[in-house]
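Every chain is numbered from 1, with letters handed out A, B, ... down the list of sequences.
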Amino acid sequence: MHDTKKVRVRFAPSPTGSIHIGNLRTALFAWLFTKKEQGSFIVRIEDTDRKRLEEDSLEKIFKTLKWANLGVDEGVYLDKDSKVFQKGDLGPYIQSERLEIYQKYIQELIEQGKVYHCFCSEDRLKDVRQKQQLEKSPIMYDKKCRNLSSEEVTIKIKNGEDYVLRMKIPENEIVEFKDEVFGKISVKTEIIDDQVLMKADGFPTYHFAVVVDDHLMEISHIFRGEDWIPSTPKHVLLYKFFGWEIPSFVHLPNVLGEDKKKLSKRDGSASVEDFVKKGYLPEALVNFLALLGWNPKTEQEIFSSEELIEKFSLEGLNKAGGVFNYQKLDWFNKEYIKLMPEDNFKEKILEFLPAQFRTKVQENLEIFNRLLPIIKERIEKFEDVTKMWEVGDLEYYFKQPNYELEKILWKDEKDLKQTKIYLEEIAKLLNKIDNFEAEEIKSKIWDYATEQGRGSVLWPMRYVLSGKDKSPDPFVLAEILGKGETLNRLQYAIEKIA
RNA sequence: GGCCCUAUCGUCUAAUGGUUAGGACAUCAGCUUUUCAAGCUGGUAAUCCGGGUUCGAUUCCCGGUAGGGUCACCA
């Protein structure tokens, strides 16, 4: 049963901060599905909670979408100057601009007797809840105002009492819906709360706004986190109240932290911005996230977004939540770094380098260029280059390192004088090389090293060039430093010994 | 506590009513012409438990257990 209705999926963030990693994954799946089905990917802003609005949220949200390369087809956009604009025939796409619409539809429900006025104060509700908690009975509204007479209601309204509008949940019914991921889910209406649909400030709650908007915007598939499953029956009931067609639900299993609980700020960086800052590539994060909770039924791991779109299907979606594994993300990122063109890589490295190192680089571009492959095989994410700098794994390429003389000696080798002879011989051999490349250098020195004992010769050579216990091999070091500087450092050591 | 959901190596996952239960990350070991990194090769490691159904269940059903989600005038 494949309906021919156009696929329209919305991503509906609330402007209450930056995009969470779980939100991005929801958006990604929604986007992949839309692209696969050649539908529309719509962005709607759900700003009905006036208390939690955050100033620059929209900017952050759209920046993240753009970074992740999820193109928007309809709805809300941000232009270059961060000005909001909207595109599409079924708007407005910002809920706070749709108040009259909600008003109109809630009126319909009032007339049908599907909702009722509730004058209970927040304090009273809190008390009720507290009592229920103590009694370990189900926690829900006690329906105090459900049967107020219309006269009572009129009087209270006249007196200026605040009220909300609650859903009159039918009694003794079973609400059933099909979820594309979890299958059939059914719930008795007894345990469904008389949900508030309109708040005292005249704004709709999420539950009311999504249903109205999704219907009016002709959304075909509702992608959202599995946390929404418990409130879906209320939404289904609303669709029924209005006699509207019920869209497909695609509830996505949660992204979990190491503790197996829903990923949150406590797990360190849960916001996408943090991953950007750390120097993860969007392709890597996207690839990783796509494979968390979905699988293409192949053993392939690396997918371009075109491939993801092509392979994507709802059947591959998993029910169980998945732990966000940073090590695997790092692996993906490394794979994508390997695939990067040299120029892009260089640019990115420059971007992440500490200022003082950037200066050095500009003075020694040749060395830096030769150093790039070394950096490439040693970082997982771009932030790592900062760490390389901090622990001194980069500095020695640009200036004569300081070191303790004894460390020049390889293992049991005791004779500094002998080591000096090795270094002098190395210098002599290097001097004869015109084409100063690692292979060439190696071929000149290798036999000598083998003759004398490899460690005894190569360790000092490497150590003298880097001043570090750990570093790339001496031939590569020499190539990066260049003939002149290599000989300088050899000479420096020889003199130091004498 | 009520309700809902979930359950394969440590992690992400594949598979089938009959397989040596496959792959990836991580881990361990070896190799790779000194150290490190990278690479290569190999190894360790999983069907939550108990009942059914069945010739045969990891797979289907039921129960338990464990974990998670949710119970706002937040989304």
Side-chain angles (χ1 to χ4, degrees), chain A residues 12-14 16 46-49 51-52 118 120-122 125-126 129 132-141 162-166 179 181-183 185-188 190-193 195-207 209-210 224-233 251 253-254 256 258 260-262 288 291-295 297-302 318-332 334 338 373-379 393 410-411 442 446 449-450 453-463 466 468-474 476:
Chain A
S14 291
T16 54
E46 311 215 322
D47 57 346
T48 54
D49 185 351
K51 293 168 203 146
R52 294 202 315 161
C118 170
C120 295
S121 70
E122 295 199 40
L125 295 175
K126 207 179 277 173
R129 240 175 270 138
Q132 287 165 337
Q133 198 131 39
L134 281 175
E135 288 167 356
K136 306 216 167 184
S137 56
I139 297 164
M140 54 201 292
Y141 179 57
D162 274 352
Y163 65 87
V164 300
L165 263 10
R166 283 182 187 274
D179 184 88
V181 176
F182 291 92
I185 294 173
S186 62
V187 178
K188 297 193 190 90
E190 280 83 85
I191 58 105
I192 303 179
D193 209 352
Q195 181 61 233
V196 172
L197 297 184
M198 288 300 252
K199 303 186 249 187
D201 65 0
F203 277 75
T205 58
Y206 169 85
H207 306 281
V210 251
R224 48 156 61 143
E226 67 170 315
D227 336 5
W228 289 107
I229 289 178
S231 42
T232 303
H251 286 105
N254 282 329
L256 276 24
E258 296 292 342
K260 303 255 187 182
K261 289 190 205 302
K262 206 166 64 155
F288 169 74
L291 261 29
L292 182 58
W294 173 78
N295 79 82
K297 315 273 184 196
T298 63
E299 288 187 351
Q300 186 180 340
E301 299 264 346
I302 304 291
N318 254 94
K319 299 184 200 197
V323 174
F324 189 99
N325 185 332
Y326 288 85
Q327 286 176 316
K328 184 111 188 201
L329 206 216
D330 283 353
W331 176 78
F332 271 107
K334 199 169 180 79
K338 283 185 204 159
I374 297 292
I375 296 176
K376 197 169 193 169
E377 69 187 19
R378 273 154 210 266
I379 62 170
D393 280 343
W410 169 247
K411 283 183 182 165
K442 187 199 272 183
W446 187 252
T450 307
R454 288 171 189 164
S456 301
V457 174
L458 297 176
W459 172 273
M461 175 180 174
R462 194 190 60 72
Y463 194 81
S466 67
K468 284 274 186 182
D469 291 342
K470 296 170 181 178
S471 83
D473 73 64
V476 169

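- If you take CG of A:Leu292 and P of B:C25, they are 16 Å apart, rounded to a whole angstrom.
- One interatomic measurement links the two molecules: CZ of A:Arg52 to P of B:A75, which rounds to 7 Å at whole-angstrom precision.
- B:G56 and B:G68 have their C1' atoms separated by 34 Å, given to the nearest Å.
- Nucleotide B:C74 holds its C1' atom 15 Å from the CG atom of A:Asp193, rounded to whole Å.
- Distance from the side chain of A:Lys319 is smallest to B:U6 among B:U6, B:A14, B:A75.
- Between A:Lys328 and B:U11 there is no side-chain N or O to OP1 or OP2 distance below 4.0 Å.
- Within the 4.0 Å cut-off from OP1 or OP2 of B:A75, at least one side-chain nitrogen or oxygen of A:Thr48 is found.
- Atom CD1 of A:Ile139 and atom P of B:G2 are 11 Å apart (whole Å).
- Computed from coordinates, the A:Trp331 CH2 to B:G10 P distance equals 20 Å when rounded to whole Å.
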In B/S/- notation, 5' to 3', how is nucleotides 34-43 of chain B contacted by protein heavy atoms closer than 4.0 Å?
BBBBSS----
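- Spacing between B:U19 and B:C36 at atom P, rounded to whole Å, works out to 45 Å.
- Whole-Å rounding puts the A:Ile302 CD1 to B:C12 P distance at 18 Å.
- The interatomic distance linking A:Glu122 (CD) with B:A72 (C1') rounds to 8 Å, in whole Å.
- Distance from the side chain of A:Asn325 is smallest to B:G10 among B:G23, B:G10, B:C5.
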Tell me, for nucleotides 61-70 of chain B in 5' to 3' order, what letter each nucleotide earns: B for a base near a protein heavy atom under 4.0 Å, S for only sugar-phosphate near one, - for neither?
-------SSS
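- Distance, A:Phe182 CZ to B:C3 C1': 15 Å, rounded to whole Å.
- Taking 4.0 angstrom as the limit, A:Lys199 places a side-chain polar atom (N or O) nearer than this to OP1 or OP2 of B:A75.
- Among the nucleotides B:C25, B:U13, B:C4, the one closest to the side chain of A:Asn318 is B:U13.
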